[in-house]
Amino acid sequence: MSQTYEPREIEQRWQSKWDEERTFRTPNPGDDDFDPSRPKFYVLDMFPYPSGAGLHVGHPIGYIGSDVVARRARMQGRNVLHPMGFDAFGLPAEQYAIETGVHPGEFTRDNIDTYRRQLQMLGLSYDWDRELSTCDPKYYRWTQWIFTRLFDRGLAYQAEVPVWWCEALKTVLANEEVINGRSERGDHPCERKMLKQWMLKITAYADRLIDDLDGVDWPESVKTMQREWIGRSEGAEVDFRLELDGADPLTVFTTRPDTLHGATFMVLAPEHPMVPELVTDDQRGEVEGYVQAAQVKSDLERTDLAKSKTGVFTGAYALNPLLDAEDPAARVPIWVADYVLMGYGTGAIMAVPGHDERDHEFASAYDIPIRQVVAPSGCEESSDACFTGDGVAINSGELDGLETAEAKAAAIQALSDRGTGRPKVTYRLRDWLFSRQRYWGEPFPVVHTADGAVHRVPDEALPVELPEVDDYAPAADGSAPLARATDWLNAQAPDGTDAQRDTDTMPGWAGSCWYYLRFMDPHNDVAPFDAEAQKYWGNVDLYVGGVEHAVLHLLYSRFWHKVLYDEGIVTTPEPFQKLFNQGMLTAFAYKDSTGRLVPTDQVDVTDDVGVKRETGETLEQVIAKMSKSLRNVVNPDEVIEEYGCDTFRLYEMFMGPLSDSKPWNPRDVPGCRRFLDRVWRLFVVEDGADPIKPALLQDGDGGSQTEELERHLNRAIKRIDDSFGPFNFNTGIAALMSFVNEATKAPDALTRSQAQRFVLALSPFAPHIAEELWARLGEGESVSRAAWPVVDERYLVDEEYELVVQIRGKVRGKAMVPKGADNAALEESAREAVGELLDGQEVVKVIVVPERLVNFVVK
RNA sequence: GGGGGAGUGGCGGAAUCGGUAGACGCAUCGGCCUUAAAAGCCGAAGUCCGCAAGGACGUCCGGGUUCGAGUCCCGGCUCCCCUACCA
């Protein structure tokens, strides 16, 4: 029998064994084999949406990283929860269903099978007994259950709101799903419409969502994005009385009440409800035309493309509440302009062109007066320029001389006294639009009675299962597919009266809001999860995923988690203690002289130079995202087929720090395979008959070379350990490579103990070859449950080291010196090392840094 | 416009505290092995000058601090990611 390294055979054999023996099964509190003395560790990947295309090599880089962490934690004696599941409701499956008539559930199931197969091929140590899928009624029963808790608390409500309507998708989309007026999925145009929708009151949690970020170990950039997304801003609401009999005052929001005296006009959003009421007859035609034009403009046109601001005068005037009505400055004209958005604040502003860039731009365009009311500190001059910073109030009556902060407070006080204003905190965050007129999602667990009341479905009647329909497409009028499931539609309210089910479904984000909790107890059919299990597992210790979820998923999950915390069913205020974002995996692409990217399959690459096959033109190598159009997408199946899964895992970890974005280079992959070949040959004589070198089956203590190897091994394990902090496994793997290089040069010096510790240190990265060598070393237990090797500090220090000798900071010599030598001895050795180079030089100063260098400073 | 990150050989990337720049891997070149090739093993290799010994220059650019700067400070350039009229 040949003893060559055959990764495919080894990997398949061990994967089957792990599967059969449930090697990575994680017991819960209460299970027979649960050991409460071990500390818990919950490592979670952001679970994937299983698309039809399968995984590409960029997908698993985070999964491999978290798997490496999970495997080491297990070897360090922790109870490791490391599960995987699928985010399975959502638009792509439904679009596919509409196009093909295939049930989205069937399509999704097939995709999940592909994903599961691909994930299992990677040798990831998941506890597959805990696998879940958000479209499974056993799962979404509890998603609905949580929704009813939100409903009971008044956090879920229906309202007529302006929403993004996507005609192509025939559904509403959340603000976040619309980018520049086009749908994020599919890039279809979208428009604003008023529709009755389910909303979740996430704004009630805005402050807690900001404040509790302080307690989690997340990248600062993600915390910043969340804070900015919530966008808390403090200021005041100010009421402007209109010069119009019987009209309600016009309320605006401002963060700068101190600049109220500088308000020379006001602006309403085109959608503002008071526009038709206050516009004068003279101006009506022009205003209506403008409002209509704004309505059909996409957001893209209203923002990006519109470099200059536009607007029209309504003919109406309002009165500044801080000024005497007789004061001519109190009378401010009201304009309509689309740079003011209905969705923020009150949809109306007081415009202070002296101290706001946008207002300044508008005033300049329409010749509106600019009044300076804040002077930069220490400078009494005022100018026509726009000053947006803090300073001292001027031209502001009673506020004059006050610093900006004081002036704000004084202005708010003055307004409050007059009953024309009040302090106000506004958030950029809107309530969460939570319904879709689609089929493939969780039905709402509510029924509507004829009297217009909404009743939530009692717990025991959950889940409200999705009915079968024969057409998944929304109707042309925008009514949901579920409206056609007539039998299903008719239900009863809890008191027995006739009722209708809700025909909307929840958005794709719903299921992912709490899946990390279900993993703690995924088969529970009397509760979303057992209280004991949740208490033990707590929150996620390490959550690994892409930065693209920095706001939406992570914000929504945090919101639901806090609601569950208030319900008393989770014990931590935050769901994810530490967050880590893996970098994006890119690929090389090639640009021709016109700067166009050439599809990779039309490029020949030799010696890192790309040449366009047809024309022979030399191309410039650049780094680009992997994309279908560039044909530079690499499929993991092929890499694993050619080199093996251990090589694939090792390469992905060896490329660079896990958080960095870096290019996949197919030419580098064989280097990692070569390393594993060398590892193998260190243990196994390939053309021999023994499964392992016989010397490795006995304890031995070797000679001086063994001692030297021991240093290398301890250094390598130290670097591996260190790499788990910053997730730069590339440095740890490099140290393992160095060890193998040394051991290969002295093959007889390697002892059994060293061989074992090396295999253990390698095992998180290349678990299959590690299991195989571990077994061949005669060990019966899986390497994944063996104890992680401990560094022996004594081997990290050398008794002799190389002292660098510099003259004026330039390296001029080296000397081997014993550790612990005193400064005088070091200087003496240094003088010897540089010899005559110091002759005739005047040494002004000698810098001695023990363990490092000696530097002679000469004139 | 705002926020975040990054610029080191032909390429991916190393370099605890300011202390030998380029670990490890790829590609390249040489040697050994072989009838030959592949594989493997051993070795060279930042750039420039030099036969060599050796020297000069080198971490995006320009200044500064220091005995000594990839690392610290000031100014500028380039690239990537996110975000975008939020009053």
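Throughout, a chain's letter reflects where its sequence line sits, starting with A, and its residues are numbered from 1. Keep in mind the model is a prediction, meaning the values are calculated, not measured.
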State, without any angle test, whether A:Arg711 and A:Tyr795 hold a side-chain donor-acceptor pair at a distance under 3.5 Å.
no
If you measure only the distance, is there a donor-acceptor pair under 3.5 Å linking the side chains of A:Ser723 and A:Asn728?
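Per modelled atom types, A:Ser723 and A:Asn728 side chains form no pair under 3.5 Å.
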Whole-Å gap separating [atom2] ([N]) and [atom1] ([X]):
{"X": "A:Met653", "N": "B:G25", "atom1": "CE", "atom2": "C1'", "result": "15 Å"}
{"X": "A:Arg667", "N": "B:G13", "atom1": "CZ", "atom2": "C1'", "result": "16 Å"}
{"X": "A:Phe654", "N": "B:C11", "atom1": "CZ", "atom2": "P", "result": "17 Å"}
{"X": "A:Asp722", "N": "B:A15", "atom1": "CG", "atom2": "P", "result": "10 Å"}
{"X": "A:Asn855", "N": "B:A69", "atom1": "CG", "atom2": "P", "result": "10 Å"}
{"X": "A:Phe765", "N": "B:C24", "atom1": "CZ", "atom2": "C1'", "result": "14 Å"}
{"X": "A:Met225", "N": "B:U83", "atom1": "CE", "atom2": "C1'", "result": "9 Å"}
{"X": "A:Leu341", "N": "B:A84", "atom1": "CG", "atom2": "C1'", "result": "11 Å"}

Rounded to whole angstrom, note down the [atom1] distance from [N] over to [M].
{"N": "B:G62", "M": "B:G40", "atom1": "P", "answer": "44 Å"}
{"N": "B:A27", "M": "B:G46", "atom1": "C1'", "answer": "15 Å"}
{"N": "B:G22", "M": "B:U8", "atom1": "C1'", "answer": "8 Å"}
{"N": "B:G12", "M": "B:C77", "atom1": "C1'", "answer": "25 Å"}
{"N": "B:C11", "M": "B:C48", "atom1": "P", "answer": "14 Å"}
{"N": "B:A14", "M": "B:G25", "atom1": "C1'", "answer": "11 Å"}
{"N": "B:A69", "M": "B:A84", "atom1": "P", "answer": "44 Å"}
{"N": "B:C33", "M": "B:A39", "atom1": "C1'", "answer": "11 Å"}

For the pair [X] and [Y], find out whether any cationic side-chain nitrogen is under 4.0 Å from an anionic carboxylate oxygen.
{"X": "A:Asp356", "Y": "A:Arg256", "value": "no"}
{"X": "A:Arg681", "Y": "A:Asp677", "value": "no"}
{"X": "A:Glu220", "Y": "A:Arg227", "value": "yes"}
{"X": "A:Lys819", "Y": "A:Glu851", "value": "yes"}

Hey, is B:G10 sitting syn or anti, using the within-90° cutoff around 0?
anti
In terms of base orientation, is B:C57 syn or anti, with the syn window spanning 90° either side of 0?
anti
Proximity to the side chain of [X] - top-ranked nucleotide from [options]:
{"X": "A:Asp356", "options": "B:G43, B:G19, B:A87", "value": "B:A87"}
{"X": "A:Lys814", "options": "B:U20, B:C24, B:G12", "value": "B:U20"}
{"X": "A:Arg852", "options": "B:G19, B:C24, B:A27", "value": "B:G19"}

Is there a donor on the side chain of A:Lys309 or the base of B:C85 sitting less than 3.5 Å from an acceptor on the other?
yes
Is a donor-acceptor pair below 3.5 Å formed from side chain A:Glu802 to base B:U20, judging by atom type as modelled?
yes
Where at least one partner belongs to residues 730-748 of chain A, residue pairs that pass side chain to side chain donor-acceptor pair (under 3.5 Å), sequence neighbours excluded:
A:Arg678-A:Asn741
Could you tell me whether the phosphate oxygens of [N], OP1 or OP2, come under 4.0 Å of any side-chain nitrogen or oxygen in [X]?
{"X": "A:Asn730", "N": "B:A14", "result": "yes"}
{"X": "A:Ser221", "N": "B:G3", "result": "no"}
{"X": "A:Arg678", "N": "B:C41", "result": "yes"}
{"X": "A:Arg681", "N": "B:C41", "result": "yes"}
{"X": "A:Arg674", "N": "B:C26", "result": "yes"}
{"X": "A:Asn741", "N": "B:G25", "result": "yes"}

Below 30° counts as parallel, above 60° as perpendicular, anything between as tilted: where do the rings of A:Phe580 and A:Phe727 land?
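Correct class here is tilted.
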Strictly below 4.0 Å, heavy-atom distances to any atom of RNA chain B: list the hits from residues 252-260 of chain A, or just say none.
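The answer is A:Phe253, A:Thr254, A:Thr255.
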Does A:Lys810 or A:Ala348 map to a spot on RNA chain B nearer the 5' end, using the closest nucleotide for each?
A:Lys810
By nearest heavy atom, map A:Lys718 and A:Thr744 onto RNA chain B; which one lands nearer the 5' end?
A:Lys718
Is the centre of the A:Tyr366 ring less than 6.0 Å from the centre of the A:Phe265 ring?
no
Is it true that atom NZ of A:Lys424 has more than 12 heavy atoms of other residues, nucleotides or ligands lying nearer than 6.0 Å?
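No - once you tally the heavy atoms of other residues, nucleotides and ligands closer than 6.0 Å, there are 12 at most.
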